[in-house]
Asker: 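One structure, as structure tokens, below. Some questions next.
When reading the values below, keep in mind they use all heavy atoms of this one structure, side chains included, and skip hydrogens, waters and symmetry mates. In this text the structure is predicted, and so the values were computed from the model without any measurement.
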Amino acid sequence: MISDHVEHYLESLRPKREGLVKEMEVYAIENNVPIMEQTSLAVMLQLLSFKKPDRILEIGAAIGYSAIRMAELLPDTTIITVERDETRYREAVANIEKAGYSERITIIYGDAFELADELKRFGPYQALFIDAAKGQYKRFFDEFFEVVEEQGIVLSDNILFRGMVAEEEIQEKRFRSMVKKLRHYNEFLMSHPDLNTTIYPVGDGLAVSQRLNS
């Protein structure tokens, strides 16, 4: 995990973000909307720029921030994203339209598990981005890994969860079950025979898993 002063230093080096993207960042802070931390987002975007996927499936749109950032970087990529919170879904739709990416970002309202068949029909995908309920990461993986192509990548955000996954004893009871599930998920990714996984200790933790050839 990067310390706050290092994160502030890295932020000072990044190109300044303006317009809608900056507005969304301010809105997220003011309204406690979880969007991806900038350092882990930068790592993910660079990896995607190397991969140049035709289609990305994102689980957890929130207000559309990460989908818009991916669309900015990847002009030839189509992004399918899903959000189950109605208020955030509506905000995401408005932001995507304002950004001018409605033709390349398809956002679907509802529960990803209930909409699994519909989401899979847009595939296959060259990248799967999981950034939703952290206690459900393993279920998301199990449900959607089948539509990730060989040599495709699975990106899982927040997998270190404030460093709690590395603590011997989780102090906050309300997080114990979720953190245990994240630990299991991390171990699952690292030992999966069809994956090559690296966990990057940036932001709140980013796991990058490449699907190997059969």
Asker: Could you tell me whether the side chain of Met190 reaches within less than 4.5 Å of the side chain of Glu187, counting heavy atoms only?
Answerer: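 Not touching, per the 4.5 Å side-chain cut-off.
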
Asker: Just by distance, do the side chain of Asn158 and the backbone of Phe161 share a donor-acceptor pair under 3.5 Å?
Answerer: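 Flag not set: sc Asn158 to bb Phe161 has no pair under 3.5 Å.
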
Asker: Could I get the full list of salt bridge (charged side-chain N to carboxylate O under 4.0 Å, His left out) partners for Glu72, not counting sequence neighbours?
Answerer: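 With sequence neighbours excluded, Glu72 shows a salt bridge (charged side-chain N to carboxylate O under 4.0 Å, His left out) to Arg69, given in chain and number order.
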
Asker: Flag the pair Ser40 / Asp204 as yes when at least one side-chain heavy-atom distance between them is below 4.5 Å, and no otherwise.
Answerer: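 With C-beta onward as the side chain, the pair stays apart.
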
Asker: Measuring from Arg139:CZ to Ile59:CD1, what's the distance to the nearest 0.5 Å?
Answerer: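 These two atoms lie 12.0 Å from each other.
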
Asker: I'd like to check the salt bridge (charged side-chain N to carboxylate O under 4.0 Å, His left out) partners of Lys138; sequence neighbours left out, ordered by chain and number.
Answerer: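 Lys138 satisfies salt bridge (charged side-chain N to carboxylate O under 4.0 Å, His left out) with Asp142 once adjacent residues are dropped.
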
Asker: Is Leu57 reachable from Leu115 through a run of hydrophobic residues whose side-chain heavy atoms are each under 4.5 Å from the next?
Answerer: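 In one cluster: yes.
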
Asker: Decide yes or no for Ile108 and Glu118: does some side-chain heavy atom of the first lie under 4.5 Å from some side-chain heavy atom of the second?
Answerer: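 A side-chain contact exists here, since the closest heavy-atom pair is under 4.5 Å.
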
Asker: Measure the OH-CE distance between Tyr101 and Met70 for me, rounded to the nearest 0.5 Å.
Answerer: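 Going from OH on Tyr101 over to CE on Met70, the span is 12.0 Å.
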
Asker: Charged N to carboxylate O under 4.0 angstrom, Glu86 versus Arg90?
Answerer: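 Judged by the 4.0 Å cut-off on N to carboxylate O distance, Glu86 and Arg90 do form a salt bridge.
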
Asker: Between atom CG of Leu128 and atom CD1 of Ile56, what is the distance when rounded to the nearest 0.5 Å?
Answerer: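 So the gap between those two atoms works out to 10.0 Å.
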
Asker: Return all side-chain donor-acceptor pairs below 3.5 angstrom for residues 15-22, not counting sequence neighbours, or 'none' if the list is empty.
Answerer:
unit_1 : atom_1 : unit_2 : atom_2 : d
Arg17  : NE     : Glu25  : OE1    : 3.3
Arg17  : NE     : Glu25  : OE2    : 2.5
Arg17  : NH1    : Glu11  : OE2    : 3.3
Arg17  : NH2    : Glu11  : OE2    : 2.7
Arg17  : NH2    : Glu25  : OE1    : 3.2

Asker: Name all residues meeting the salt bridge (charged side-chain N to carboxylate O under 4.0 Å, His left out) criterion together with Glu150; count only those two or more places apart in sequence or in a different chain, and write none if there are none.
Answerer: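 With neighbours one apart ignored, the set is empty.
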
Asker: For Ala67 and Ile79, which heavy atoms make the closest approach, and how far apart are they?
Answerer: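 Shortest heavy-atom separation between Ala67 and Ile79 comes out as O-CD1, 3.4 Å.
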
Asker: Under 3.5 Å, side chain of Arg104 to main-chain N/O of Ala71, donor-acceptor pair present?
Answerer: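 Yes.
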
Asker: Flag the pair Ile159 / Ile199 as yes when at least one side-chain heavy-atom distance between them is below 4.5 Å, and no otherwise.
Answerer: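 A side-chain contact exists here, since the closest heavy-atom pair is under 4.5 Å.
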
Asker: Might you point out which heavy atoms bring Asp157 and Gly205 nearest each other, and give the distance in Å?
Answerer: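 That closest heavy-atom pairing would be OD1-O, 3.3 Å.
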
Asker: Please collect all side chain to side chain donor-acceptor pair (under 3.5 Å) contacts where either partner lies in residues 44-56, sequence neighbours excluded, each pair once.
Answerer: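 For residues 44-56, and leaving out neighbouring residues, there are no side chain to side chain donor-acceptor pair (under 3.5 Å) pairs at all.
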
Asker: Partners of Gln210 by side-chain hydrogen bond (donor to acceptor under 3.5 Å, both in side chains), sequence neighbours excluded?
Answerer: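 Partners of Gln210 under the side-chain hydrogen bond (donor to acceptor under 3.5 Å, both in side chains) test: Gln151.
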
Asker: Measure across Arg88 and Pro34 and return the closest heavy-atom pair with its distance rounded to 0.1 Å.
Answerer: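 That closest heavy-atom pairing would be NH2-CD, 3.5 Å.
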
Asker: How long is the straight-line distance from NZ of Lys134 back to CE of Met178, given to the nearest 0.5 Å?
Answerer: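 So the gap between those two atoms works out to 5.5 Å.
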
Asker: Please find the pair of heavy atoms, one from Ala92 and one from Ile107, that lie closest to each other, and give the distance.
Answerer: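 Minimum heavy-atom contact is CB-CD1, 3.3 Å.
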
Asker: Residues in ring pair (Phe, Tyr, Trp, His ring centres under 6.0 Å) with Phe129, at least two apart?
Answerer: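 Phe129 satisfies ring pair (Phe, Tyr, Trp, His ring centres under 6.0 Å) with no other residue.
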
Asker: Decide side chain to side chain contact (heavy atoms under 4.5 Å, CB included) for Ile80 and Leu119; before the verdict, give the C-alpha distance in whole Å, the side-chain angles of both, and the deciding distance to 0.1 Å.
Answerer: CA-CA 8 Å; Ile80 310 300; Leu119 295 170; 4.0 Å; yes

Asker: List the residues meeting side-chain hydrogen bond (donor to acceptor under 3.5 Å, both in side chains) with Thr78, not counting sequence neighbours, and say none if there are none.
Answerer: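 Checked Thr78 against side-chain hydrogen bond (donor to acceptor under 3.5 Å, both in side chains); zero matches.
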
Asker: If you draw a 6.0 Å radius around CG in Asn213, do more than 12 non-hydrogen atoms from other residues or ligands fall strictly inside?
Answerer: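 Yes, the 6.0 Å shell around CG holds more than 12 heavy atoms from other groups.
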
Asker: Establish, yes or no, whether a centroid distance under 6.0 Å links the rings of Phe140 and Phe113.
Answerer: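 Yes, they do, as the ring centres are separated by less than 6.0 Å.
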
Asker: So, do Leu155 and Asp131 sit near enough that their side-chain heavy atoms are less than 4.5 Å apart?
Answerer: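 They are not in contact (no side-chain heavy atoms under 4.5 Å apart), so the answer is no.
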
Asker: Please check this pair: side chain of Asp85 against backbone of Thr87, looking for a donor-acceptor N/O pair closer than 3.5 Å.
Answerer: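 Confirmed, Asp85 side chain pairs with Thr87 backbone.
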
Asker: Could you tell me which non-hydrogen atom of Ala127 sits nearest to which non-hydrogen atom of Leu48, and how far apart they are?
Answerer: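 It is CB-CD2, 4.0 Å.
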
Asker: Is the backbone of Thr39 close enough, under 3.5 Å, to the side chain of Glu37 for a donor and an acceptor to pair up by distance?
Answerer: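 Checking the backbone N and O of Thr39 against the side chain of Glu37, no donor-acceptor pair under 3.5 Å is found.
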
Asker: Check whether any side-chain heavy atom of Leu195 lies under 4.5 Å from a side-chain heavy atom of Leu189, and answer yes or no.
Answerer: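 Yes; the side chains approach each other to less than 4.5 Å.
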
Asker: Should Leu73 and Leu206 be counted in the same cluster of Ile, Leu, Val, Met, Phe, Trp and Tyr side chains packed under 4.5 Å apart?
Answerer: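 Yes; tracing contacts between hydrophobic side chains, which count when under 4.5 Å, links both residues.
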
Asker: Taking side-chain hydrogen bond (donor to acceptor under 3.5 Å, both in side chains) as the test, write out the residues that go with Tyr109, two or more places apart.
Answerer: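 Here no residue qualifies.
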
Asker: So do Val208 and Thr197 actually touch side chain to side chain, heavy atoms under 4.5 Å?
Answerer: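 The answer is no; the side chains never approach within 4.5 Å.
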
Asker: Test of understanding: with salt bridge (charged side-chain N to carboxylate O under 4.0 Å, His left out), list the residues that count as partners of Glu23, not counting sequence neighbours.
Answerer: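 Result, salt bridge (charged side-chain N to carboxylate O under 4.0 Å, His left out) vs Glu23: Lys98.
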
Asker: Is a side-chain donor or acceptor of Arg211 paired with a backbone partner of Asp194 at a separation under 3.5 angstrom?
Answerer: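 Checking the backbone N and O of Asp194 against the side chain of Arg211, no donor-acceptor pair under 3.5 Å is found.
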
Asker: I'd like to know whether Tyr65 forms a side chain to side chain contact (heavy atoms under 4.5 Å, CB included) with Val33, so could you lay out the CA-CA distance, the side-chain angles of the two residues, the decisive distance to 0.1 Å, and finally the verdict.
Answerer: CA-CA 10 Å; Tyr65 179 78; Val33 176; over 6 Å; no

Asker: Please tell me if the side chains of Ser209 and Ile153 come closer than 4.5 Å, counting only heavy atoms from C-beta onward.
Answerer: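 Not touching, per the 4.5 Å side-chain cut-off.
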
Asker: Please confirm whether Arg84 makes a cation-pi placement over Tyr89, using NZ or CZ under 6.0 Å from the six-membered ring centre and within 45° of the ring normal.
Answerer: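 Ring-cation test returns no.
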
Asker: What ring pair (Phe, Tyr, Trp, His ring centres under 6.0 Å) pairs are there with at least one residue in residues 184-214, not counting sequence neighbours?
Answerer: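 Of all non-adjacent pairs touching residues 184-214, those that pass ring pair (Phe, Tyr, Trp, His ring centres under 6.0 Å) are Tyr137-Tyr185, Phe141-Phe188, Phe141-His192, Phe145-His192, Phe188-His192.
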
Asker: Are more than 12 heavy atoms, taken from residues, nucleotides or ligands other than Glu146, located less than 6.0 Å from that residue's CD atom?
Answerer: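 It does: Glu146 CD has more than 12 such atoms within range.
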
Asker: Quick one: side-chain hydrogen bond (donor to acceptor under 3.5 Å, both in side chains) partners of Glu58, sequence neighbours excluded?
Answerer: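 Per chain and number, Glu58 pairs via side-chain hydrogen bond (donor to acceptor under 3.5 Å, both in side chains) with Ser66, Thr81.
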
Asker: May I ask you to decide if Glu143's main-chain N or O and Lys120's side chain share a donor-acceptor pair within less than 3.5 Å?
Answerer: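 Indeed, once roles are kept as given, a pair shorter than 3.5 Å links the two residues.
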
